[in-house]
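Ligands are counted one by one from 1 in listed order, and the atoms in each one are counted from 1 as well.
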Amino acid sequence: MEYTVGQYLATRLAQLGLNHVFAVAGDYNLTLLDEMAKVEDLEQVYCCNELNCGFAGEGYARSRVMGASVVTFSVGAFSAFNAVGGAFAENLPLLLISGAPNNNDYGSGHILHHTMGYSDYRYQLEMAKQITCEAVSIAHANEAPCLIDHAIRSALRNRKPAYIEISCNIANEPCTEPGPISSITNSLISDDESLKAAAQACLEALENAKNPVMIIGGKIRSAGCVISKKITQLGKQLGCPVATMAQAKGLFPEEEPEYVGTYWGEISSTGVEELVRNSDCRIYIGAVFNDYSTVGWECQLLDDHDIWISTHHTRIGKKEFSGVYLKDFIPVLTPLVKKNSAYLEQFRAKNHAAKTIPVAEGQAPLTTVELCRQIQGMITGDTTLYLETGDSWFHGMHFKLPNGARVESEMQWGHIGWSIPSMFGYAVSEPNRRNIIMVGDGSFQLTAQEVCQMIRRNLPVIIILINNAGYTIEVKIHDGPYNRIKNWDYAGLIDVFNAEDGKGLGIKAKNGAELEKAVQTALAHKDGPTLIEVEIDAQDCSPDLVVWGKKVAKANGRAPRRG
Ligand SMILES: Cc1ncc(Cn2nnc(CCOP(=O)(O)OP(=O)(O)O)c2C)c(N)n1
Ligand SMILES: [Mg+2]
């Protein structure tokens with residue numbers, strides 16, 4: 001088979017197991033899209049705009065080995081960059097591919113459309129270098145295979161986005177045939193000596209610990225399900241209490257007896273903050289300590305007794321072991337550790353079991369308590385629940401997840417509106433899961449149009465839209481007129497997106513009885529999305545958000561350092 005640059009790129013993506021690539025057309029990428037379309041098994045999925053296209057690729061990367069989004073130069077790529085920044089912050093391998101100027105124009109002094117209006121077009125590559133682990137520019141066909149492989153390999157090894165721009169007149173130029181994909185997927189291996197030394201140091205630390213506790217953080221998400229399973233085995237082998245940080249909700253099976261709940265400082269699950277604070281050996285795995293996850297820096301931070309295992313290095317007490325990769329370290333450590341379940345038994349004896357939530361009166365105005373009680377009833381082992389930035393984060397922490405259920409959030413980047421396009425990309429990859437989004441009205445207004453793509457592809461995503469008349473999470477941090485928003489008829493929007501042939505459903509629910517009915521309709525509706533717009537009083541929010549909001553406001557309001 002004769003290969004062109006576009007076909008080489010598409011073949012590499014197909015070899016990695018991608019069946020879809022997200023795109024928005026633009027005259028710098030049309031030939032590239034034509035060439036990529038010639039490769040079987042790699043369907044092009046078109047989005048409404050490049051921000052959503054980037055987030056769709058990010059959502060796909062939450063389900064597959066990576067995601068890929070194709071945009072046009074500058075006017076497309078600049079929008080997509082926000083999603084690329086999010087993928088970087090969330091450790092997700094998204095490949096952003098941009099069309100680029102004709103290679104004859106470089107150095108010509110030509111002013112081109114869709115550029116900044118001067119003749120040096122390298123600014124986009126320089127910008128991409130700041131938000132990816134690798135950024136390459138392809139202006140000659142003979143260098144394409146090597147640069148494409150290098151960018152993809154870097155993204156996979158670093159679990160970070162990468163960037164490829166291809167001159168528009170190169171995409172259909174002939175190039176060599178791709179070799180075995182293993183040259184790209186083979187991962188770095190840990191330094192053997194450091195691996196053994198880290199395991200030994202860890203065992204000594206655990207030997208001396210009376211009350212070890214394992215805390216799982218959000219970096220594990222991008223390490224993939226295989227690692228999650230290995231971490232579960234370690235937790236069970238150790239027999240100690242296991243907590244998940246907010247970003248890692250769902251990354252440890254919650255039906256396991258070792259699971260104790262969410263560790264989120266003062267708003268942790270009952271008894272968990274005290275359990276972590278009183279531990280004499282905290283084993284953090286993939287933990288991310290930022291101002292939000294530490295509730296304004298008021299959480300237990302790393303100390304000399306702690307073990308911190310991250311994706312690329314490990315710190316045990318005062319010793320650093322770089323080049324010890326999580327994927328290698330956990331399987332080496334697990335068979336060596338001794339069970340130490342005394343601390344877990346102590347915790348269980350205090351019986352922190354959550355209280356049952358009573359069913360609200362059916363005609364009473366809907367509350368977040370009743371809403372969450374009903375959402376809990378929707379969650380099954382094949383559910384993926386997206387929690388959008390907002391009060392949804394805090395309610396989401398209290399759901400009990402049956403084994404197999406997944407939660408996705410974006411707590412490091414926190415771009416409101418992320419959940420709609422990211423779930424679109426995720427659902428393209430996983431159409432048969434029960435895909436549910438919990439999203440606020442404020443967030444929804446940023447990226448709502450991607451619901452029309454869910455309609456176009458008959459994806460049965462269930463969108464629980466919380467209409468609480470504004471930016472409640474911001475109100476609880478710091479209120480002002482800027483937190484009020486123009487109301488929409490959110491449920492009515494579905495008719496707009498349906499146009500003549502769509503199968504989306506839009507339902508309003510203002511009390512428990514209407515919500516019950518809407519949920520049953522949504523669960524039965526399989527050939528399109530269902531948006532359930534729930535009316536919630538603006539003052540009704542998670543008590544955890546009120547506590548968290550005050551602490552974050554305090555951290556934001558620290559006086560400037562003098563001198
Ligand atoms: C792109 C982007 N722009 C602004 C913000 C700041 N922000 N964070 N949360 C919000 C409000 C979220 O409001 P909703 O989605 O309605 O959520 P809740 O009312 O809290 O349920 C803003 C405006 C942000 N996080 N991301
Ligand atoms: Mg809101």
With heavy atoms only and a cut-off of under 4.0 Å, state how Asn468 meets ligand 1: side chain, backbone, both or neither.
side chain
Could you check whether the rings of [X] and [Y] sit parallel, tilted or perpendicular, using 30° and 60° as the cut-offs?
| X | Y | answer |
| --- | --- | --- |
| His113 | Tyr28 | parallel |
| Trp418 | Tyr386 | parallel |
| His415 | Phe55 | perpendicular |

Hey, does [X] come in under 3.5 Å of ligand 1, counting only N/O atoms on both sides?
| X | result |
| --- | --- |
| Ser443 | yes |
| Asp391 | yes |
| Leu446 | no |
| Gly442 | yes |
| Gly390 | no |

Checking Glu533 against Asp441 for the side-chain contact (heavy atoms from CB on, under 4.5 Å) test, could you report, in this order, the C-alpha distance in whole Å, the side-chain angles of both residues, the deciding distance, and whether it holds?
CA-CA 9 Å; Glu533 176 186 345; Asp441 47 352; over 6 Å; no
With a cut-off of 2.8 Å, does Ala469 put an N/O/S atom close enough to the Mg ion (ligand 2)?
no
N, O or S from Asn468 under 2.8 Å to the Mg ion (ligand 2):
yes
Would you mind reporting whether Phe399 and Met438 have side-chain heavy atoms less than 4.5 Å apart?
yes
Please check if any side-chain donor atom of Thr384 sits under 3.5 Å from a side-chain acceptor atom of Tyr426, or the reverse.
yes
Is it true that the side chains of Tyr259 and Thr244 contain a donor and an acceptor less than 3.5 Å apart?
yes
Could you find the nearest protein heavy atom to [atom] and give me its residue, atom name and distance?
| atom | answer |
| --- | --- |
| atom 20 (O) of ligand 1 | Ile473 N, 2.9 Å |
| atom 10 (C) of ligand 1 | Glu474 CG, 3.5 Å |
| atom 25 (N) of ligand 1 | Gly414 O, 2.8 Å |

Taking 4.0 angstrom as the limit and counting only heavy atoms of Gly440, give me the atoms of ligand 1 inside it, by number and element.
14 (P), 15 (O), 16 (O), 17 (O)
For Arg122, is the CZ atom crowded, meaning more than 12 foreign heavy atoms sit under 6.0 Å from it?
no
Measuring from atom CZ of Phe88 to atom CZ of Arg159, what distance do you get when rounded to the nearest 0.5 angstrom?
13.5 Å
I want to confirm something. Looking only at heavy atoms, which of Asn467, Asp441, Ile416 is nearest to atom 4 (C) of ligand 1?
Ile416
Asp441: which N/O/S atom is nearest the Mg ion (ligand 2)?
OD1
Would you check whether Gly470 reaches within less than 4.0 Å of ligand 1, judged by its heavy atoms?
yes
State which residue, out of Glu90, Glu410, Glu58, Glu408, fulfils the salt bridge (charged side-chain N to carboxylate O under 4.0 Å, His left out) condition with Arg221.
Glu408
